Amino acid sequence: MPELPEVETIKRELEKAVLGKKITKVSILNPKVIKEPSAEKFKKELEGVTIKSILRKAKLLIFELSNGKFLAIHLKMTGQLIYPGTGSKLARVIFGLSDGKNLDFNDGRLFAELRLVDDWQKLKFIQGLGPEPFDLSVDKFKEMLANKKTKIKPLLLDQTFISGCGNIYANEALFRAKISPERPANSLSDKEKELLFKELKETLKEAIAHKGSSVDDYVQLSGEAGGYAKYHKVYDREGKPCLRCKKTIKRITLSGRGTYFCPQCQI
DNA sequence: AATGGGACCTGCGCGC
DNA sequence: TGCGCGCAGGTCCCAT
């Protein structure tokens, strides 16, 4: 489900909603989503602790807890955090809080991963992450693309290369930079690399400002939809006219992911 | 080394 | 109304 802007939205809302509150009860409705430690330990070690801070690293949410541990949540495709909880049939873990309300963790497809760990920085996923676009200089970005023969779009989705961008925003950034998703990364001119880098950051920033894109399952912490989907210029617009040149938007599959682009103005 | 396909799962929308 | 199919925002693993 969510990419960097969606996870950032949830992070900011969690800070307002649950910071300083105690987790009084953990109800595990489907233990499949708990990757470590065991479901029993997970419950035992979380009950009674206070939420001290909320962090985000790429698409990973991290709760810093008063017992020195960290709860790391990756929402993957369909994970949701909802507060106050509503007891959806897709709720997999329900955290009862000291304010009498629940924080629900929902996940239709059961891809999401919850981990209670001593040190989030040691997580394999974290160790493999490339830099977020906001932590990169344009020069470094250009240098990173220089030796890459891979198609640019799959490269933008490679979290070990650059982290935080997912399928929607990769499509959007390439459209805005007028670059074909199939171009080998090292074939981009300096100007194109600069433009792509700028558009990628701007797309992510705009998406954060609108509290994310509600496509399929993503919602804000309150359960409300995010507002950015109506500003998408190319994602999910197959068969519709390009907003720049009116040519029909095409959909292809690149490394297994739906890829939308304008065959005329993205070159 | 890099790429591609399948796996992990469930639910939804579509065409028939 | 019901069924089967294709599709889904992410990541990991394995084969080539």
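Computed from a predicted structure; not experimentally measured. Reminder, nothing fancy here: chain letters follow the sequence lines and each chain counts from 1.
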Under the side chain to side chain donor-acceptor pair (under 3.5 Å) test, which residues partner Lys201(A), sequence neighbours left out?
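Partners of Lys201(A) under the side chain to side chain donor-acceptor pair (under 3.5 Å) test: none.
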Would you kindly give the [atom1]-to-[atom2] distance between [X] and [N], to the nearest whole Å?
| X | N | atom1 | atom2 | result |
| --- | --- | --- | --- | --- |
| Ile252(A) | dG4(B) | CD1 | P | 11 Å |
| Glu238(A) | dA8(C) | CD | P | 10 Å |
| Leu254(A) | dA2(B) | CG | P | 18 Å |
| Phe125(A) | dT11(C) | CZ | C1' | 8 Å |
| Gln127(A) | dC12(C) | CD | P | 13 Å |
| His74(A) | dC12(C) | NE2 | C1' | 11 Å |
| Arg257(A) | dA7(B) | CZ | P | 17 Å |
| Asp107(A) | dG10(C) | CG | P | 14 Å |

Carboxylate-amine/guanidinium contact Lys69(A) Glu64(A), below 4.0 Å
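Between Glu64(A) and Lys69(A) there is no salt bridge, as every charged N stays at least 4.0 Å from the carboxylate O atoms.
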Could Glu172(A) and Arg176(A) be called an ion pair, given the rule that one side-chain N must be under 4.0 Å from one carboxylate O?
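No.
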For [N] and [M], measure between their [atom1] atoms and round to the nearest Å.
| N | M | atom1 | answer |
| --- | --- | --- | --- |
| dG5(B) | dC7(C) | P | 14 Å |
| dG6(B) | dG6(C) | P | 13 Å |
| dT11(C) | dG11(B) | P | 22 Å |

Complement of dT3(B), any strand, by Watson-Crick or G-U distances under 3.5 angstrom
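Check on dT3(B): paired to dA15(C), both distances under 3.5 Å.
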G-U wobble or Watson-Crick pairing nucleotide for dT1(C) (cut-off 3.5 Å, both distances)
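Because no pair has both required distances under 3.5 Å, dT1(C) counts as unpaired.
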If only side-chain N and O atoms count, and only distance matters, is there a donor-acceptor pair under 3.5 Å linking Lys153(A) with Asn167(A)?
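A pair is found: one side chain offers a donor N or O, the other an acceptor, under 3.5 Å apart.
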Looking only at the side chains, is there a donor atom on one of Tyr83(A) and Lys21(A) sitting less than 3.5 Å from an acceptor on the other?
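The answer is yes; a qualifying pair exists.
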Where along residues 143-169 of chain A does a heavy atom come under 4.0 Å from DNA chain C, residue by residue in number order?
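Here the set is Gln159(A), Gly166(A), Asn167(A), Ile168(A).
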Just wondering, do Lys22(A) and Leu97(A) contact through their side chains at under 4.5 Å, heavy atoms?
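A side-chain contact is absent here, since even the closest heavy-atom pair is not under 4.5 Å.
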Side chains of Leu61(A) and Leu81(A) in contact at under 4.5 Å (non-hydrogen atoms)
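Yes. Closest side-chain heavy atoms under 4.5 Å.
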Per-nt protein contacts along nucleotides 8-15 of chain B (heavy atom under 4.0 Å; B base, S backbone sugar-phosphate only, - none) come out as BBBS----
So His210(A) and Tyr231(A), would you call those rings parallel, tilted or perpendicular, with 30° and 60° as cut-offs?
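Plane angle between 30° and 60°, so tilted.
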Using the ring of each side chain (for Trp, its six-membered ring), is Tyr169(A) parallel, tilted or perpendicular to Tyr228(A), with breaks at 30° and 60°?
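Tilted: the ring planes of Tyr169(A) and Tyr228(A) meet at 30° to 60°.
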